[in-house]
Amino acid sequence: MSNSGAAVDLGEVFGPSHRGDEPDLVQLLTPEGERVEHPEFTFDLDDEAIKGFYRDLVLTRRIDTEATALQRQGELGIWASLLGQEAAQIGSGRALKPQDFAFPTYREHGVAWARGIDPLRLLALFRGVDHGGWDPKEGNFGLYTIVIGAQSLHATGYAMGLQRDGVIGTGDPERDAAVIGYFGDGATSQGDVNEAFVWAGVFNAPIVFFCQNNQWAISVPIEKQSRAPLYQRAAGFGFPGVRVDGNDVLAVYAVTQAALQRAREGSGPTLIEAFTYRMGAHTTSDDPTRYRLSDELESWQKRDPISRVKAYLVAQKAADDDFFAGIEQEADELAEHLRSGCLAMPDPSPLDIFGQVFAEQTAELQLQHDQYADYLASFEGEHA
Amino acid sequence: MSNSGAAVDLGEVFGPSHRGDEPDLVQLLTPEGERVEHPEFTFDLDDEAIKGFYRDLVLTRRIDTEATALQRQGELGIWASLLGQEAAQIGSGRALKPQDFAFPTYREHGVAWARGIDPLRLLALFRGVDHGGWDPKEGNFGLYTIVIGAQSLHATGYAMGLQRDGVIGTGDPERDAAVIGYFGDGATSQGDVNEAFVWAGVFNAPIVFFCQNNQWAISVPIEKQSRAPLYQRAAGFGFPGVRVDGNDVLAVYAVTQAALQRAREGSGPTLIEAFTYRMGAHTTSDDPTRYRLSDELESWQKRDPISRVKAYLVAQKAADDDFFAGIEQEADELAEHLRSGCLAMPDPSPLDIFGQVFAEQTAELQLQHDQYADYLASFEGEHA
Amino acid sequence: MTAITIAKGLTMGLRAAMEADPKVLIMGEDVGKLGGVFRVTDGLQKDFGEDRVIDTPLAESGILGTAVGLAMRGYRPVCEIQFDGFVFPAYDQIVSQVAKIHFRSRGRVPMPIVIRIPFGGGIGAVEHHSESPEAYFAHTAGLKVVACSNPVDAYWMIQQAIASDDPIVFLEPKRRYWEKGELDEDAEPDPLHVSRVVRPGTDVTVLAYGPMVKTALQASAAAEGEGKSLEVIDLRTLSPLDVDPIYESVRRTGRAVVVHEAPVNLGLGSEIAARVTENCFYSLEAPVLRVGGFDTPYPPSRIEEEYLPDLDRVLDAVDRTLDY
Amino acid sequence: MTAITIAKGLTMGLRAAMEADPKVLIMGEDVGKLGGVFRVTDGLQKDFGEDRVIDTPLAESGILGTAVGLAMRGYRPVCEIQFDGFVFPAYDQIVSQVAKIHFRSRGRVPMPIVIRIPFGGGIGAVEHHSESPEAYFAHTAGLKVVACSNPVDAYWMIQQAIASDDPIVFLEPKRRYWEKGELDEDAEPDPLHVSRVVRPGTDVTVLAYGPMVKTALQASAAAEGEGKSLEVIDLRTLSPLDVDPIYESVRRTGRAVVVHEAPVNLGLGSEIAARVTENCFYSLEAPVLRVGGFDTPYPPSRIEEEYLPDLDRVLDAVDRTLDY
Ligand SMILES: Cc1ncc(C[n+]2csc(CCOP(=O)(O)OP(=O)(O)O)c2C)c(N)n1
Ligand SMILES: Cc1ncc(C[n+]2csc(CCOP(=O)(O)OP(=O)(O)O)c2C)c(N)n1
Ligand SMILES: [Mg+2]
Ligand SMILES: [Mg+2]
């Protein structure tokens with residue numbers, strides 16, 4: 001297949017294909033832990049807040065480690081690790097106000113944490129105990145959505161609901177609300193995500209599209225999903241896009257906070273591309289050695305989202321050994337909570353499912369329930 | 001619903017939503033029939049060619065008028081008029097080489113004409129005689145596709161086939177081929193069209209996406225489909241987009257020709273937005289007075305695609321009255337061909353459909369065929 | 001009592017639902033100023049505004065997907081799919097989201113979404129405008145599916161569907177949109193998920209829904225002339241099926257014919273045949289016969305009358321079951 | 001003779017098809033270097049290159065839609081859908097394009113596309129990874145649907161499907177991917193659209209396909225111990241159905257049980273029950289019974305074994321039909 005033998009490159013008459021290949025990356029904290037400034041985005045919280053982020057990052061990573069271990073031990077069916085994406089999730093999750101609403105994929109354990117969801121609820125899903133064990137209205141955190149991209153439209157619709165409820169642009173900071181919709185780099189290829197962009201643009205919906213570009217969709221690299229940098233997708237739908245260092249929790253926080261505020265004020269949608277890296281396998285079922293080289297991983301390890309925050313806190317003398325030790329201990333307790341909670345989790349009753357299909361039960365399902373109950377009862381003698 | 005009470009507009013930190021609201025429109029022939037130059041695109045054919053375009057435009061419009069009349073008289077079930085879009089279709093259709101392939105919607109009667117499809121075949125579809133009465137391999141013109149946007153992916157796949165066949169970038173002008181995929185402004189909201197953009201970008205497919213922005217999708221105006229000018233959509237997928245005066249057959253030809261050549265040479269996809277206007281109803285079933293004002297139509301009538309070519313030819317003294325009279329006569333003959341051909345068109349046999357489902361007939365369908373034949377035969381006595 | 005068409009019954013029902021509950025929204029392509037290509041939403045945007053009657057961009061997945069989000073925020077979206085053949089781009093959102101979210105959330109998140117689909121053929125349309133997709137939805141656990149066949153049901157059933165907290169695919173017999181009936185707004189309507197004997201009879205039970213109810217009634221009138229008494233049941237609810245009146249009737253008649261426009265293979269008739277046989281085995285004098293579209297794509301409209309079940313084909317099946 | 005798994009049979013079959021015809025392409029998510037999440041395309045990109053084994057962007061409609069265009073250009077795309085639950089974004093392209101283009105073009109444009117779908121449950125997966133969507137496709141005129149149940153069929157059927165000029169939905173029993181069987185590459189395979197008696201018997205006919213064939217065989221072994229002789233038929237072809245061996249068997253046994261994982265309501269069993277009843281009416285000693293998933297969405301995996309038909313539920317149905 002030869003695509004290269006062009007006699008004259010007519011590219012120029014149409015102008016460049018996209019805005020250039022080396023996009024700006026908003027960064028406020030370097031991999032070495034140095035604070036840097038950005039002309040447009042400022043981080044306006046103090047070191048105490050950064051210590052809070054540090055705690056979130058470490059605990060989130062511990063959730064991930066423990067869940068991975070539980071999966072290896074057969075306690076979970078599968079686990080989707082967020083290793084490497086902690087800053088993208090904590091930075092964005094912490095930028096949310098209580099009245100904002102987040103729509104996750106299946107990997108947003110850090111956002112769940114920031115929204116106050118007990119991580120045991122996440123484990124329940126991956127254990128196969130339920131398909132979504134929390135109430136979206138508590139913590140304003142939607143259920144995990146596995147079909148790639150589907151939630152981007154739900155998020156947009158929810159944002160249109162906020163508009164109809166009159167909680168946009170009132171100027172009341174306790175009231176004005178926005179939506180954040182998460183998805184991955186691979187998801188940007190799905191029709192649904194692009195339709196969400198259309199809708200959000202046309203209706204000026206109060207939504208932030210938060211794309212974690214972790215460079216991979218299982219084994220497929222980002223080059224196979226888009227020829228242009230992802231954040232540039234937004235302009236063609238009529239709203240701004242920005243690329244942020246997804247491993248820099250300060251920058252992610254600052255950019256997300258500004259985009260959310262923009263949405264709450266009624267100025268419409270924003271696409272944030274958090275440039276990050278999936279340091280682990282796609283899930284515990286995956287074997288990334290089949291498709292990527294280890295030096296890529298190594299280069300990203302140098303940009304680890306947690307170590308730079310620690311380096312900063314240490315350099316600033318904002319945190320001492322006790323602080324770090326305290327968090328380690330908290331992490332150990334959390335891990336123990338997860339482990340014991342997971343092992344203690346009861347299986348659901350197979351008879352429950354018949355009542356969960358509809359709000360208004362049907363005679364047919366009630367009959368299936370009763371027949372199945374009778375059927376199960378018919379074995380009771382045998383097994384006794 | 002108040003979206004406007006923003007305290008501070010944070011728009012600026014993210015930069016502009018899109019590239020600005022007054023996009024360039026490539027034009028080479030003004031509505032008054034004056035030739036103008038454009039820095040990037042040149043029209044390099046002579047007045048004879050323009051006379052050929054004029055003939056195409058007039059005959060295409062006549063096909064449309066006659067088909068509309070036939071529908072009114074009950075001979076067609078429905079007709080989708082291309083009134084006002086003749087230049088967009090003839091200009092782009094005439095830019096195609098024989099080896100190129102075109103994927104139409106349901107309104108590309110002008111492109112069909114340029115590809116040498118007997119317009120009677122179009123009438124057959126709208127009459128309900130068949131779902132697609134021509135062989136796509138003759139004339140390299142795909143079947144009309146009614147599901148909005150679906151054909152954009154077919155076009156992209158076909159273009160990938162050209163790549164695999166090695167007929168891209170060989171430098172042989174008789175061999176190098178490209179694909180053109182047509183769709184409307186409304187179609188740009190469909191997931192499929194955006195997925196086609198993803199694919200075309202990623203695989204650098206030799207395809208021209210030709211969007212006729214006729215300002216309306218039935219009753220829905222373009223503002224409800226996109227917040228940004230449509231041609232700007234392309235950049236976010238990694239290829240160039242351009243807006244051309246869709247009522248200027250010279251400009252459409254020049255731009256399409258350049259984009260096709262770019263594709264044939266292996267430089268990848270282009271999106272062309274032909275800015276035009278649907279001067280008639282959506283179809284003969286539609287009543288546009290319910291949703292749009294007549295002065296909009298009037299302003300577009302001043303930009304009619306045919307009259308400007310006539311004005312040019314007259315001003316240039318490139319064509320005389322005989323020329324114009326000759327074309328009118330040709331048009332009358334064409335209309336007569338359509339009318340008599342349409343009335344003479346035989347209905348299909350209901351027994352044929354069973355054999356058209358599969359390449360390899362199934363026993364089940366053969367049985368249904370035979371049973372239905374018997375059933376029909378059982379009435380024969382009665383009706384005799 | 002006023003004489004109204006099915007289309008008018010739907011418009012009136014939608015209006016009543018919007019007046020009763022400010023959370024009811026209408027969304028779809030051309031539902032605003034145009035009032036929909038069938039004018040079912042005529043006048044509603046004018047009276048309820050663009051926030052409640054939403055002309056959407058042209059993408060069905062977008063319509064259903066944003067409806068899910070609106071439902072999560074407490075709204076009750078009524079989505080119009082312009083024609084049956086255009087529901088498929090929304091299929092993923094319907095099957096994997098709308099149908100499953102109540103279950104996924106263990107009942108915490110209801111999905112009060114109505115998906116209105118003008119369905120079926122017989123209007124001389126081009127491809128994709130005459131499909132009968134009901135079996136796809138009836139096979140999908142988590143969806144309820146109903147079809148109206150007359151103006152009175154149209155008026156009440158659409159309101160009941162909107163009032164339901166479950167997602168409902170609401171099928172409208174497009175070729176019957178302009179048929180008239182008398183509406184008494186004060187009468188008590190039947191519940192939504194109930195089938196109804198629309199013509200009593202003794203020899204064969206004919207089961208139909210949507211556009212085929214009229215055809216079945218025509219067949220029963222013709223059969224009467226030949227001394228055969230057909231009992232016609234309008235199913236109304238396709239999922240869940242209301243099986244009791246069906247079984248009751250078949251136990252009396254011993255014979256049943258199911259009629260629909262959709263292809264016979266795995267059409268609604270197959271489920272009804274299977275269940276009737278299982279539950280009325282010893283009453284059946286003949287197998288349940290099915291009359292439907294052939295197992296071909298919908299044909300060009302000049303021969304659609306041959307594809308669609310008509311009076312003669314129903315009578316033919318009736319005769320065949322009587323021959324057993 | 002070599003012992004191979006179903007997954008391996010498919011890999012070998014795909015390789016053979018690609019060697020036989022340079023127009024055969026493989027496309028899908030992760031089918032390249034990774035070899036697919038089930039490794040069915042393992043090694044093929046390495047040997048046939050990126051032009052013939054195409055890692056696509058993540059969008060199923062895009063996969064099927066571009067496959068249509070490639071087919072129009074003379075290629076024979078084999079599309080992998082990663083899991084059953086992810087076929088729905090491609091539903092429109094499959095139902096309105098792939099299935100209809102041969103018909104639309106009056107036979108001028110064939111659609112030699114194979115859609116491979118690992119289907120069914122039992123692997124402890126999260127939501128959307130255990131669906132059984134076969135009835136959706138079987139109800140769609142213009143598609144052919146087959147399911148393999150063992151390594152030998154996997155090897156031959158995938159090659160036959162690719163060689164067919166019609167679009168074929170090819171269902172792979174994912175929970176049986178690693179089950180082994182002996183392949184004799186020199187043996188003459190059965191044709192694609194043929195059902196097969198895999199265990200002869202006299203009392204009840206048990207019809208199954210894909211993953212349930214093994215379950216049916218287990219049930220028949222257990223029943224034998226209780227003195228009941230079950231005849232097990234592996235349907236193999238779901239659309240068109242190969243009805244003759246089914247009728248022949250039921251006419252002998254007088255009783256039939258259909259088993260599948262998909263919900264019973266409008267599942268394949270309903271069509272089989274309806275047809276068997278119509279065609280073997282006077283031979284039936286009992287109604288055709290159906291064993292399948294409940295009419296709920298697929299449950300969380302900790303209770304999937306309760307949802308899925310197993311040996312006991314098949315035997316229960318067998319006993320119930322014998323009670324008539
Ligand atoms: C519609 C659909 N197709 C395929 C899959 C299988 N799948 C699960 S995750 C995944 C890759 C997703 O990549 P990306 O969007 O980048 O998110 P990431 O997993 O990297 O966070 C795929 C293909 C799916 N879940 N849904
Ligand atoms: C998937 C789908 N949804 C809805 C329709 C009904 N429909 C036919 S044409 C049309 C408007 C198309 O607008 P546009 O893409 O701008 O093309 P135009 O008709 O203006 O040429 C609609 C909604 C359809 N054909 N397909
Ligand atoms: Mg990714
Ligand atoms: Mg338009």
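The model shown is predicted, which means the values in this text are computed figures rather than measured ones. Throughout, protein chains are lettered first and strands after them, A, B, ... in sequence-line order, and every chain is numbered starting at 1. Side chains included, hydrogens not; waters and symmetry mates left out as well; all remaining heavy atoms used.
- Interface summary for chain D: among C:Pro297, C:Ala274, C:Pro240, the most heavy-atom pairs under 4.5 angstrom belong to C:Pro297.
- Of the atoms belonging to C:Ile272, not a single heavy atom falls under 4.5 Å from chain D.
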Candidate polar pairs, chain C side and chain D side, donor-acceptor under 3.5 Å:
unit_1: C:Lys100; atom_1: NZ; unit_2: D:Glu131; atom_2: OE1; d: 3.3
unit_1: C:Arg104; atom_1: NE; unit_2: D:Glu127; atom_2: OE1; d: 2.8
unit_1: C:Arg104; atom_1: NE; unit_2: D:Glu127; atom_2: OE2; d: 3.1
unit_1: C:Arg104; atom_1: NH2; unit_2: D:Glu127; atom_2: OE2; d: 3.2
unit_1: C:Arg104; atom_1: NH2; unit_2: D:His128; atom_2: NE2; d: 3.3
unit_1: C:Glu127; atom_1: OE1; unit_2: D:Arg104; atom_2: NE; d: 2.8
unit_1: C:Glu127; atom_1: OE2; unit_2: D:Arg104; atom_2: NE; d: 3.1
unit_1: C:Glu127; atom_1: OE2; unit_2: D:Arg104; atom_2: NH2; d: 3.2
unit_1: C:His128; atom_1: NE2; unit_2: D:Arg104; atom_2: NH2; d: 3.3
unit_1: C:Glu131; atom_1: OE1; unit_2: D:Lys100; atom_2: NZ; d: 3.3
unit_1: C:Tyr136; atom_1: OH; unit_2: D:Thr140; atom_2: OG1; d: 2.6
unit_1: C:Ala138; atom_1: O; unit_2: D:Asn265; atom_2: ND2; d: 3.0
unit_1: C:His139; atom_1: ND1; unit_2: D:Asn265; atom_2: O; d: 2.7
unit_1: C:His139; atom_1: ND1; unit_2: D:Leu266; atom_2: O; d: 3.4
unit_1: C:Thr140; atom_1: OG1; unit_2: D:Tyr136; atom_2: OH; d: 2.6
unit_1: C:Asn265; atom_1: O; unit_2: D:His139; atom_2: ND1; d: 2.7
unit_1: C:Asn265; atom_1: OD1; unit_2: D:Arg275; atom_2: NH2; d: 3.0
unit_1: C:Asn265; atom_1: ND2; unit_2: D:Ala138; atom_2: O; d: 3.0
unit_1: C:Leu266; atom_1: N; unit_2: D:Glu271; atom_2: OE1; d: 2.6
unit_1: C:Leu266; atom_1: O; unit_2: D:His139; atom_2: ND1; d: 3.4
unit_1: C:Ser270; atom_1: OG; unit_2: D:Ser270; atom_2: OG; d: 3.1
unit_1: C:Glu271; atom_1: OE1; unit_2: D:Leu266; atom_2: N; d: 2.6
unit_1: C:Glu271; atom_1: OE1; unit_2: D:Arg290; atom_2: NH1; d: 2.8
unit_1: C:Glu271; atom_1: OE2; unit_2: D:Arg290; atom_2: NH1; d: 3.3
unit_1: C:Glu271; atom_1: OE2; unit_2: D:Arg290; atom_2: NH2; d: 3.1
unit_1: C:Arg275; atom_1: NH2; unit_2: D:Asn265; atom_2: OD1; d: 3.0
unit_1: C:Glu278; atom_1: O; unit_2: D:Tyr324; atom_2: OH; d: 3.4
unit_1: C:Arg290; atom_1: NH1; unit_2: D:Glu271; atom_2: OE1; d: 2.8
unit_1: C:Arg290; atom_1: NH1; unit_2: D:Glu271; atom_2: OE2; d: 3.3
unit_1: C:Arg290; atom_1: NH2; unit_2: D:Glu271; atom_2: OE2; d: 3.2
unit_1: C:Tyr324; atom_1: OH; unit_2: D:Glu278; atom_2: O; d: 3.4

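- Highest contact tally toward chain D, considering only C:Gly142, C:Ala99, C:Pro299, C:Ala135, is held by C:Ala135 [criterion: heavy-atom pairs under 4.5 Å].
- Contacts between D:Ile94 and chain C at a heavy-atom distance below 4.5 Å are absent for every atom of the residue.
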Ignoring hydrogens and angles, write down the donor-acceptor pairs under 3.5 Å from the side chains of residues 117-124 of chain C, residues two or more places apart or on other chains.
none

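- Here C:Ala141 is the residue among C:Gly293, C:Ala141, C:Ala138 with the most heavy-atom pairs under 4.5 Å with chain D.
- In terms of heavy-atom pairs under 4.5 Å with chain C, the best-connected choice from D:Pro300, D:Ala273, D:Pro133, D:Gly267 is D:Gly267.
- Legend: residues meeting side-chain contact (heavy atoms from CB on, under 4.5 Å) with D:Ala216, ordered by chain and number and at least two apart, are D:Val206, D:Ala208, D:Val232.
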